Structure formats: structure tokens, C-alpha cells
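Worksheet for the structure shown next.
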Number of protein chains: 2
Amino acid sequence: MSHTLGIRQAQKQKTRQALLDAALRLLEEQSLSSLGLREVTRAVGVAPTAFYRHFRSTADLGVALVEEALGSLHPMIRTTVSANGDPDERIARAVELISGHVARHPAHVRFIARERHGGVQPVRQAIQDQLARFGEEVKHELAKDPVSTGWSDDDLLMLANLYVDQMLMTASLFLDALEGTEEERERVVQIATRRMRLISIGRHHWLD
Amino acid sequence: MSHTLGIRQAQKQKTRQALLDAALRLLEEQSLSSLGLREVTRAVGVAPTAFYRHFRSTADLGVALVEEALGSLHPMIRTTVSANGDPDERIARAVELISGHVARHPAHVRFIARERHGGVQPVRQAIQDQLARFGEEVKHELAKDPVSTGWSDDDLLMLANLYVDQMLMTASLFLDALEGTEEERERVVQIATRRMRLISIGRHHWLD
DNA sequence: CCATGCAGTTAACAACTGTTCTCCAGAATT
DNA sequence: AATTCTGGAGAACAGTTGTTAACTGCATGG
């Protein structure tokens, strides 16, 4: 259904993406609240004023980056949580999946971890919203599991958000270990796996 | 053993503290990587050059803030974890303690949450170091508990760090709810309590 | 084919930044 | 009482920032 956009809009989206990419790279070594608009345009090679054709401000660009980083992650989350197999296998697959995602998109992960509690309110809000959506989706998947029979809605949401937070912390650990040795990364796998396992155990005995 | 410092050093520490206080206030609405040295001195009412008498840079000031925010917290952590009473009572007391601390020092908590993954490497490192110390201390207290018999050192540390991370996330939740209604804060208490309880359950069945 | 729209440019603005150097008042030391 | 030390002030620097205005070239729709 995508009739090819004119050569005009195509160019616009191209520079827009260039701005996003340049910003993401610059944000590896600083926070969004110190990212200058001129800094971004200089990195791309366009005039400072061109920035305004795409974003109102760097905060606005930040919100767009949140969408780029988390927007496409929802299907992945769903299938991961609802995967079948015995608990330990599911945990191993989830950890592996996080590890791979961090290795493939380190800058995105760093951006989210950094700006989740960062100094720019609209961006914080956008991240919170996306994470809340993740929470709801995970809860919806957990509800299907027979283990969840007898659970209250509040308890299910609590567990779902615990999982979401755990994913983020794990991602952050993998990020720190990215430039380290293979041993370090393996250690992160061990830690993350055991944390998930402990939570899983708590889940199975919740109603005792 | 504290022979009163001369009127000279006293004044110095006074302005130093004023700089730290002003910075902490400014950091409620931005990240450290965008905090300007002139901005801080202006807020205090001293010349920009006076800043250099106390800190090499704003990053240096940030490291000092980490010490101020977390340095005095170690005894509190220890006594909290090693408290006696039945599990649910201990959890309730811990949550209450976190809630009180956040209400008393919101700016400090915000600073730590923000800069833990922030854009200033030395500050990130300082926070990581302090949190690692917390982890070791919590582990040491957990080891005393009869529930921990049979646990490997690695597993104990894993659980300890899980608790530390949980404390931080809870603190962050309380922070968000600070300016909200009493109901919101009560809701955070519920969520945090149930998370801790689930972890506690997982802990008790770890060796099954 | 011509007129409109619009992504990107150029130039200029006032305001701000970190840092250096020189200086001073007054506490500390002798 | 004389000297040294030092926390802070003052002025100046080159460089940066966000934002405005008027422009140009070119794809687009009539």
C-alpha cells in the first residue's frame, strides 16, 4: 500500500534519518540535555537552520529516538514471553535474545538507559509510556500461562513490570560488558540467568 | 580528635558546600553533562573563577556529590538488611525506610538515578563503585542468615545485587510519586512490597 | 509550462561558555 | 610585627550556542 514517496519527501526523510543517526552517535558520550542542535547539524553536514525543518528542538528529536529505539520492539517482547519449553530453556532464550539485541543496537540501548531518568522531561515521559506498554503486553502474555491461574490483576502487572525492569537492567549489564572480554559477557549471562530463575521460582510459589 | 579548623578552612568548606548545594538544585532539571560551571557559581553568588579553588570541573563536582549522596548510607543499609523479625515485617520496614529517605533527600536520589547511566564517565564509575560496595555489604549480612546455608558465594552476591537494584528502583518510584497524591505513594508501597516478597519467596525455595 | 511550496543555505544577533592572568584582602605562619 | 599563603574578584579571550530573517534552487501540482 506504500506508493513510493516523491523524490522530495524521500530526501527529507533521508536527512531526517541522518540527523537521528548523528545524534545517537553523539549521545554515546553525553546526555540529551547537553546535546546541541548545531552539534548535530555539523556532524551531518547541513546548515544549523535545516534542523528546524525536522524537529522543534533536541528534546523533540529525543522523543523521536525513543520511538525508533523501542517502537519496533513490541512484537519481539511478546513472542519472547509467550515462548514455550521448560522454564530454564525459556530463560536462556530470553537472555540470549537480549544479548543479541544489545550487540546489534548498543547505541539505542545506551540511549534508553541514559534518558529513562535523564534531564529532559518529554523524553522521560515517552520512555515511561513505552515501558508501561511493554508491561501491559507482558502481563497479557503471562495471563495465558496456566501458572498464572488464581493471580490477581495487580499481581500479574507487578510481575510483568518486574520482568520489564529486569530486561532493562540485563541490557545495561551487557552494554557495560560489550567492550570487555568474552569472559565478562559470559558472566553477565550467568548473573542474568540466575536472577530470572530466582524470580521464576518466586512466581511458582507465589500462591502458597 | 577534631581540632576546630581555622576560620580560613571553615569559610572554604562553607562555599564548597554552597557550590554542591546549588549544583544539586540545578541538577533537578538537567543532567550533569549540561551543567555549566558559571551556572553554579552564579547561583551561589561567587565569581566563576572561585569554582576552580574547589573542583577541577563539573565532573569532579559530580564525583563529590556521589560521595555526599551515598557515602553516609552504608550503615543504614547494613542495619536494614540484618534486621530481625518475620520476613513480611522486615520488608515493610525496608520499604518504609526507603520511602522516608526519598522524602528527606529527593535531590540526592534523583541525582544518583540520573547519573548512574549518565553521560559523565567518572561519575558513572563512582556510582558503580559505591553500589558494588553496597552489594558486598548486603551479601555479608545475608550470609549470616540461616536461610543462606548451602548457598554459593556467587549466588549470594547475585541476590545481594538484586536487592540493591531493587532498592534503587523503589527509590525512583517513590521519587516520581513525591509530588503526587498520598494514594499514588501508597500504591508504590504496595508494588515495592510485593516485588520484595516475590524475591523473598524465590530466595526461600532457591535450593529446591 | 508556469506558479506555488518547501528543504536547505547564508548571514547576522545577542548571549553564553570554560579558561587564563593579574590582582587583592586577610588569615596563617614565623 | 613582618612575611607568606590563599580563597576569591575582576577583566578579558576566543569560541560556542539557539534563533531570526531573507534567500535560492528545485520538485510538485495545476
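Keep in mind that the numbers below use all heavy atoms, side chains included, and drop hydrogens, waters and symmetry copies. Computed from a predicted structure; not experimentally measured. Chain identifiers are assigned alphabetically (A, B, ...) following the order of the sequence lines, protein sequences preceding nucleic acid strands; residue numbering begins at 1 within each chain.
- When all heavy atoms of A/Glu28 and A/Ala107 are compared, the closest pair comes out as OE2-CB, 3.6 Å.
- Listed candidates were C/dC16, C/dT19, D/dT17. Nearest to the side chain of A/Glu39 is D/dT17.
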Tabulated below should be each protein N or O lying under 3.5 Å from an N or O of nucleotides 26-30 of chain D; please produce it.
unit_1 : atom_1 : unit_2 : atom_2 : d
D/dA27 : N3     : A/Arg8 : NH1    : 3.2
D/dT28 : OP1    : A/Ile7 : N      : 2.8
D/dT28 : OP1    : A/Arg8 : N      : 3.3

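- In this structure, the CG atom of A/Leu37 is 12 Å from the C1' atom of D/dT16, given to the nearest Å.
- As a whole-Å value, the separation of A/Gln17 CD from C/dA7 P is 17 Å.
- As a whole-Å value, the separation of A/His54 NE2 from D/dG18 C1' is 17 Å.
- Taking the side chain of B/Thr49 as heavy atoms from C-beta on, and the options C/dC21, D/dT20, D/dT17, the nearest nucleotide is C/dC21.
- To the nearest angstrom, P of D/dT17 lies 10 Å from CD of A/Gln30.
- Within the nucleic acid shown, A/Ala47 comes within 4.0 Å of at least one base atom, counting heavy atoms only.
- Between A/Arg56 and D/dT19 there is no side-chain polar atom (N or O) within less than 4.0 angstrom of OP1 or OP2.
- Around the CD atom of A/Gln121, the shell of radius 6.0 Å holds more than 12 heavy atoms that belong to other residues, nucleotides or ligands.
- Between B/Leu35 atom CG and D/dT17 atom C1' the separation is 16 Å, expressed in whole Å.
- Residues B/Thr58 and A/Arg38 each lie close to DNA chain C; by heavy-atom proximity, the contact nearer the 5' end of the strand is made by A/Arg38.
- Under 4.0 angstrom from either OP1 or OP2 of D/dT17 there lies at least one side-chain N or O belonging to A/Arg42.
- Taking side-chain N and O atoms only, B/Thr15 has a distance below 4.0 Å to OP1 or OP2 of D/dG8.
- Closest to the side chain of A/Pro48, out of C/dT9, D/dT19, D/dG8, is D/dT19.
- Judged by distance alone, the side chains of B/Gln17 and B/Gln13 never bring a donor and an acceptor atom under 3.5 Å apart.
- A salt bridge links A/Arg90 with A/Asp145; the closest basic N to acidic carboxylate O contact falls under 4.0 Å.
- The minimum heavy-atom distance linking B/Leu65 with B/Ala23 is given by the pair CD1-CB, 4.5 Å.
- Of the charged side-chain nitrogens involved, at least one lies within less than 4.0 Å of a carboxylate oxygen, so that A/Arg187 and B/Asp154 count as a salt-bridged pair.
- Computed from coordinates, the A/Arg16 CZ to C/dG8 C1' distance equals 17 Å when rounded to whole Å.
- None of A/Val40, A/Val63, A/Leu20, A/Leu37 except one satisfies the side-chain contact (heavy atoms from CB on, under 4.5 Å) rule with A/Phe55; the exception is A/Leu20.
- What separates CZ of A/Phe51 from P of D/dT17 is a distance of 13 Å, to the nearest Å.
- In this structure, the NZ atom of B/Lys14 is 21 Å from the P atom of D/dT6, given to the nearest Å.
- In the set C/dA7, D/dG8, D/dG18, D/dG18 carries the atom at the smallest distance from any side-chain atom of A/Tyr52.
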